[in-house]
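All remarks here apply to the structure that follows.
Naming convention: chains lettered A, B, ... in sequence-line order (proteins, then strands); numbering from 1 in each chain.
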2 protein chains.
Amino acid sequence: MAEKHQLTLKDIARELGLAVSTVSRALKSHPDISDETIKLVKDYAKEHHYVPNLLAVNFRKSKTFNIGLVIPELVHQFFSTIISGVLQEANDKGYNVLICQSNEKLSDEKKVAQALLNSRVDGVIISLSNETEDYSHLKEFLDAEIPVVQVDKIIEGFDTPKVVVNDYSGAYQAVDYLIGQGYQKVAHLRGRLIVQHSNERHRGYAEAMEQHKLPIKEDYIRICDLQTEKEGYTYAREMMNLPEPPDAIFCVTDLVALGVMEYLREKNIKVPEEVGVIGFSNWQLGEIIRPTLSTVHQPGFELGVKATELLLDKINNGSSSPNIKVVLDADLIIRDSVRKL
Amino acid sequence: MAEKHQLTLKDIARELGLAVSTVSRALKSHPDISDETIKLVKDYAKEHHYVPNLLAVNFRKSKTFNIGLVIPELVHQFFSTIISGVLQEANDKGYNVLICQSNEKLSDEKKVAQALLNSRVDGVIISLSNETEDYSHLKEFLDAEIPVVQVDKIIEGFDTPKVVVNDYSGAYQAVDYLIGQGYQKVAHLRGRLIVQHSNERHRGYAEAMEQHKLPIKEDYIRICDLQTEKEGYTYAREMMNLPEPPDAIFCVTDLVALGVMEYLREKNIKVPEEVGVIGFSNWQLGEIIRPTLSTVHQPGFELGVKATELLLDKINNGSSSPNIKVVLDADLIIRDSVRKL
DNA sequence: CAATTCTCCGCAACCGATTGTGCAATCAGT
DNA sequence: ACTGATTGCACAATCGGTTGCGGAGAATTG
């Protein structure tokens, strides 16, 4: 079984009494080669299971058919969903994916970027770490004419194609829905001020409130630095102890929402009757807890697919393809944590 | 910035008036080359940022420095943790990882296996799909002298290094602990009969019971085909309605345990006072639900690291390294779903 | 029948690094 | 000073495809 020596063009040429170049062209159905010869070669190749040596082909063409994917964390629902999308589209088009984690650290991001550069990937898809504020380490890719596509966590000023989720509209939908269900005093546990996602979600919240002519009270807004369950719990307590507590809480993240629900259950405050809760991200846990958690679904898979499409387009069509920004919509998922009229 | 033409050995040789071979050897500090020349070349290389063309090197050496990783699902806590371990160890040793999903389908597994073969990876780590019962499609790797390491979901008969978790001891510890805390009537919601994990966990359960001279009643054992929350819920109801209901339930999976807890809460049966519950896998959700879920932790990360170590050893030392089987211990994690004495 | 055009295929360079072999110059030994 | 060993480097083949160019022979044309 074990072929000592992988079959090469040379072998076929010798066996068939042809030149190596003829065999090469025949396998590609080159017009210069007669149909008979093409058939002869192809049949022989098939019969003897010829597979071109990818290393040689890649070397010659200066292509690896590998694309790099840099993400903050691998063990993470959202990101692994993105990866899944990238994988599908890339494999479908004959590309392999080299995955690297930045662990949300700039230093690691730089390190893997170098590694990818050395690996001579044909292109890179990157979701920036939280620490990343400039893109000097990524410019090297463009200098080396390796296309880059940014996904989800991006830097606007870095001129590459981008794929992001519409946080604003997701948040707007959520709050708009809450109000539509009769909630009036909607609070928002938001994320950090310097994170774009957080700001966009806050903007969605604010504009929905405004649209319905509801006041935005300072007391109803808290910043979750870490976006943990604990923060949700703590801020829920603070808010519910206000003279005029909110009757709905829109959270920047499902985990925060979980903390909120935790507190409410402890205090025997009924969800959704007394207080409505909506999270963001559509984590698995939302379907598992009781009451099930309403949330905003971010299309991670589609994000990955789209980013890959853009990248492959760049790779194959070069500078002729413009650096567009694709914004995918987030979907509101209604479950039991909000009243149904 | 953009170097039109990447610097090559030839360029350096021309510039320095040396032969290409001398430059090549100098960069590797070959003993045949004088220290002066070595310094000269290395300095020049450093100054002009010479990086060897990986494609050429790989082609020459017939190595890709890529390893393939085939797993059933990417969006999955346990598997993504394994990936994380593989990634860390591989990157650390200068290897890239090509990740492929089998989606738990044999057909997909065959497809990606072919793709990896064509990509000429240096080795493969695989966790088999649920549908995989023979390994004919994997033998091709060995025929092509590409080392394979099996991880977690394995076929014993397929002669490769293997890395698995000790399901038996994990289960034994769990049940032993339950009994130690005073539970006597321990039930087990197990997985399918043809799945090795399930059988091992069941064996751990059975032996722990036996060890403590407790009877194993048929009524206390149910098979969860899908290992869903719903099954947990259903079987918990069945069991709690027995004339003599169990006072503890050991579940094949956290998700099943969740369904059990769900039912118990509905019926107002106190956990852990009246019934103790332990799951398996240590999913995130276990820390999130109330009471928090005791479980058995499978060291996914270490699994990935170890598998990669074995693979790289195979790759670099060939057949001189034997096909050992590494069994990693699972740790019992005690949380609030069992009584604490 | 000679001139021209087509068909079909072989020759050889090439991509960039690696490596076996050979040769000139230096050095030690008697 | 002559032989033999050692040092330091260059030459050239090689890995397996790809591709520009050129040429022999058949077919077409005037």
Counting only N and O atoms by type, is there a donor-acceptor contact under 3.5 Å from the side chain of [X] to the main-chain atoms of [Y]?
X	Y	value
Asp152(A)	Ser127(A)	no
Lys105(B)	Ser129(B)	no
Ser84(A)	Ser80(A)	no
Glu73(B)	Phe79(B)	no
Gln150(A)	Phe158(A)	yes

Nucleotide N/O to protein N/O under 3.5 Å, stretch nucleotides 18-23 of chain D:
from, atom 1, to, atom 2, distance (Å)
dT18(D), OP2, Ser24(A), OG, 3.2
dT18(D), OP2, Lys28(A), NZ, 2.7
dT18(D), O2, Arg60(A), NH1, 2.7
dG20(D), N7, Arg25(A), NH2, 3.0
dG20(D), O6, Arg25(A), NH1, 3.3
dG20(D), O6, Arg25(A), NH2, 2.8

Rounded distance in Å - [atom1] ([X]) to [atom2] ([N]):
X	N	atom1	atom2	answer
Leu18(A)	dT7(C)	CG	P	20 Å
Asn53(A)	dG17(D)	CG	P	6 Å
Asn58(B)	dC15(D)	CG	P	17 Å
Lys39(A)	dC8(C)	NZ	C1'	19 Å
Gln6(A)	dG16(D)	CD	P	9 Å
Ile38(B)	dG8(D)	CD1	P	9 Å
Leu40(A)	dC8(C)	CG	P	15 Å
Phe59(A)	dA13(C)	CZ	C1'	13 Å

Practice task
Go through the side-chain N and O atoms of Lys314(A) and Thr160(A) and say whether any donor and acceptor fall under 3.5 Å apart.
Solution key: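 Distance-only check fails for Lys314(A) and Thr160(A).
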Practice task
Scan side-chain atoms only and decide if Asp108(B) and Ser102(B) contain a donor-acceptor pair under the 3.5 Å cut-off.
Solution key: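 Result is no, nothing qualifies.
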Practice task
Could you tell me whether the phosphate oxygens of dC9(C), OP1 or OP2, come under 4.0 Å of any side-chain nitrogen or oxygen in Thr37(A)?
Solution key: yes
Practice task
Please work out if Leu55(B) contacts a base, only the sugar-phosphate, or nothing of the nucleic acid, heavy-atom cut-off 4.0 Å.
Solution key: nothing
Problem - Candidates Asn66(B), Thr64(B), Asn96(B) - the one meeting side chain to side chain donor-acceptor pair (under 3.5 Å) with Ser119(A) - result: Asn96(B)
Exercise for the section: Kindly calculate the angle separating the two end axes of the helix from dC1(C)-dG30(D) to dT30(C)-dA1(D), each obtained from five base pairs, and round it to 10 degrees. Expected result: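 The end-segment axes of the helix from dC1(C)-dG30(D) to dT30(C)-dA1(D) are tilted 50° relative to each other.
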Exercise for the section: Could you work out which one of dC9(C), dG16(D), dG10(C) sits closest to the side chain of Ser34(A)? Expected result: dC9(C)
Practice task
Please indicate whether Lys93(A) has more than 12 foreign heavy atoms, meaning atoms of other residues, nucleotides or ligands, lying under 6.0 Å from its NZ.
Solution key: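 Counting other residues, nucleotides and ligands, NZ of Lys93(A) exceeds 12 neighbours.
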